[in-house]
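Below: one structure, written as structure tokens.
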Protein chains: 2
Amino acid sequence: MTDSSKREQLIETALKLFSKHGFHAVGIDTILAKSGVAKKTLYNHFKSKDELILAVLRYYDERFRNFFMRAVESKTGKAKERLLAVFDVAEEWFESDDFYGCLFVGAIGEYPELGTPVRHTCMEFKGLIQKYIAKLAREAKAKQPDQLAEQLVLLLEGAITMAQINSSPVSAAQARQAAKVLVENSIER
Amino acid sequence: MTDSSKREQLIETALKLFSKHGFHAVGIDTILAKSGVAKKTLYNHFKSKDELILAVLRYYDERFRNFFMRAVESKTGKAKERLLAVFDVAEEWFESDDFYGCLFVGAIGEYPELGTPVRHTCMEFKGLIQKYIAKLAREAKAKQPDQLAEQLVLLLEGAITMAQINSSPVSAAQARQAAKVLVENSIER
DNA sequence: ATCTAGGTAGACAAACCTGTATATTTTTTG
DNA sequence: CAAAAAATATACAGGTTTGTCTACCTAGAT
């Protein structure tokens with residue numbers, strides 16, 4: 001086993017459990033039982049549960065953005081179409097078995113104190129997603145790419161929330177429709 | 001004191017605390033201390049913490065929708081302008097001291113099990129907000145009022161999430177801008 | 001004046017949760 | 001192969017949480 005094998009095992013198990021049940025609802029013992037790792041090993045890798053949570057968020061930040069950008073770019077090569085492909089990828093995500101809403105939104109809901117590392121990680125994640133969409137908007141020659149990106153992020157974020165609440169992926173298609181209007185409106189013809 | 005005075009006192013105190021810190025993070029004892037009510041009184045009115053949470057959500061459901069509709073309607077009498085006033089009201093909400101994101105989204109994040117009364121209350125709330133916006137869209141003679149309402153709800157929901165994450169109300173204005181495009185696009189001229 | 005319904009105060013049980021410590025075994029590495 | 005590093009299993013301390021129970025108090029209705 002590699003050096004950090006146990007560490008990754010813990011992070012991945014914790015990610016699944018936190019995603020599905022929330023942070024407070026999942027105890028250390030549950031994570032240990034499901035991952036088959038000893039308590040001492042966990043506390044050897046992480047100083048506390050909070051540190052584990054933070055590691056999970058940072059891991060997921062990387063992992064999700066990577067997945068997301070790859071997925072969008074594999075849909076189409078045309079810049080303008082990529083802006084809409086964002087919502088096709090979202091739809092597939094919503095339909096997947098391991099969709100339980102946005103982990104970062106959940107984290108902020110359970111740890112709302114300002115200025116904490118958890119909050120910072122969540123803000124950073126959303127900022128980077130927005131930056132990516134702004135890049136796509138710029139490539140699609142949108143008149144005001146940053147403004148368009150802000151608006152598309154709102155649609156995406158709203159679609160995530162509604163998909164979670166209604167346990168239904170239809171919000172993705174609704175967001176896509178709205179996005180199409182905004183994109184057409186923002187690109188020179 | 002009226003019959004249900006203590007009950008309302010508990011609900012209002014719990015609402016404030018749950019909104020600010022989350023549900024798991026706030027213990028019964030904290031609610032009792034802040035409300036100045038005895039433990040037995042709480043368990044006389046509510047069978048369990050879960051029942052108190054449910055009562056808080058149902059209370060807030062009523063209260064918030066009432067506030068929201070009144071606020072929108074006090075902004076303007078013109079149907080089309082009311083659709084955009086939704087986002088002006090949202091902006092004021094985001095700027096207020098007691099804004100900590102959507103309580104229902106928080107509740108679903110902490111109690112995600114399907115088929116529970118908590119989930120049901122959250123879905124109902126979002127459904128009624130959407131229904132209200134659809135009514136405004138119909139009054140504004142939108143071509144496809146239900147579809148427009150779905151899209152505006154996504155913008156609103158996204159704006160709430162982003163306002164919470166970034167501790168900033170700017171998302172309201174961004175959503176308003178996008179909404180204007182969608183509304184113009186959906187109303188006969 | 002007294003009965004009653006509901007409130008107060010606080011002790012307490014039982015469960016649970018995080019984090020530590022110990023003793024033993026496995027794995028890695030020089 | 002042998003020493004060192006890491007993992008296991010598990011017990012346990014200390015704190016917190018929910019919910020119950022007892023004993024006492026207060027205010028309004030009869």
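Chain letters run A, B, ... following the sequence lines, proteins first and then strands; every chain starts at 1.
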Within the pair A:K6 and D:dT8, is there a side-chain N or O less than 4.0 Å away from OP1 or OP2? yes
Between CG on residue B:L103 and CZ on residue B:F23, distance to nearest 0.5 Å: 4.0 Å
Just say parallel, tilted or perpendicular for the rings of B:F104 and B:F125, cut-offs at 30° and 60°. parallel
Between B:H24 and B:F18, is the ring centroid distance below 6.0 Å? no
Integer-rounded Å distance: C:dT8 C1' and B:Q9 CD: 13 Å
Below the 4.0 Å mark, does D:dA7 have OP1 or OP2 next to a side-chain nitrogen or oxygen of A:H45? yes
Looking at A:E139 and A:K80, is any side-chain nitrogen of the basic one under 4.0 Å from a carboxylate oxygen of the acidic one? no
What is the separation between atom NZ on B:K40 and atom P on D:dT18, rounded to the nearest whole Å? 19 Å
Within the structure, does a side-chain N or O atom of A:N44 lie under 4.0 Å from either OP1 or OP2 of D:dA6? no
Between atom CG in A:L42 and atom P in D:dT10, what is the gap in whole Å? 17 Å
Using the benzene-type ring in the case of Trp, are the ring centres of B:F87 and B:W93 under 6.0 Å apart? no
Which parts of residues 11-20 of chain B get close to DNA chain C, meaning a heavy atom less than 4.0 angstrom away? none
Contact under 4.0 Å: B:T41 side-chain N or O vs C:dG6 OP1/OP2: no
In B/S/- notation (B base, S sugar-phosphate only, - none; protein heavy atoms under 4.0 Å), nucleotides 12-19 of chain C written 5' to 3' is ------BB
Stepwise side-chain hydrogen bond (donor to acceptor under 3.5 Å, both in side chains) check, B:D98 with B:S96: CA-CA 6 Å; B:D98 57 334; B:S96 75; 3.0 Å; yes
Should the pair B:F64 and B:F68 be assigned to parallel (<30°), tilted (30 to 60°) or perpendicular (>60°) ring geometry? parallel
To the closest 0.5 Å, what do you measure between NZ (B:K126) and OG1 (B:T121)? 13.0 Å
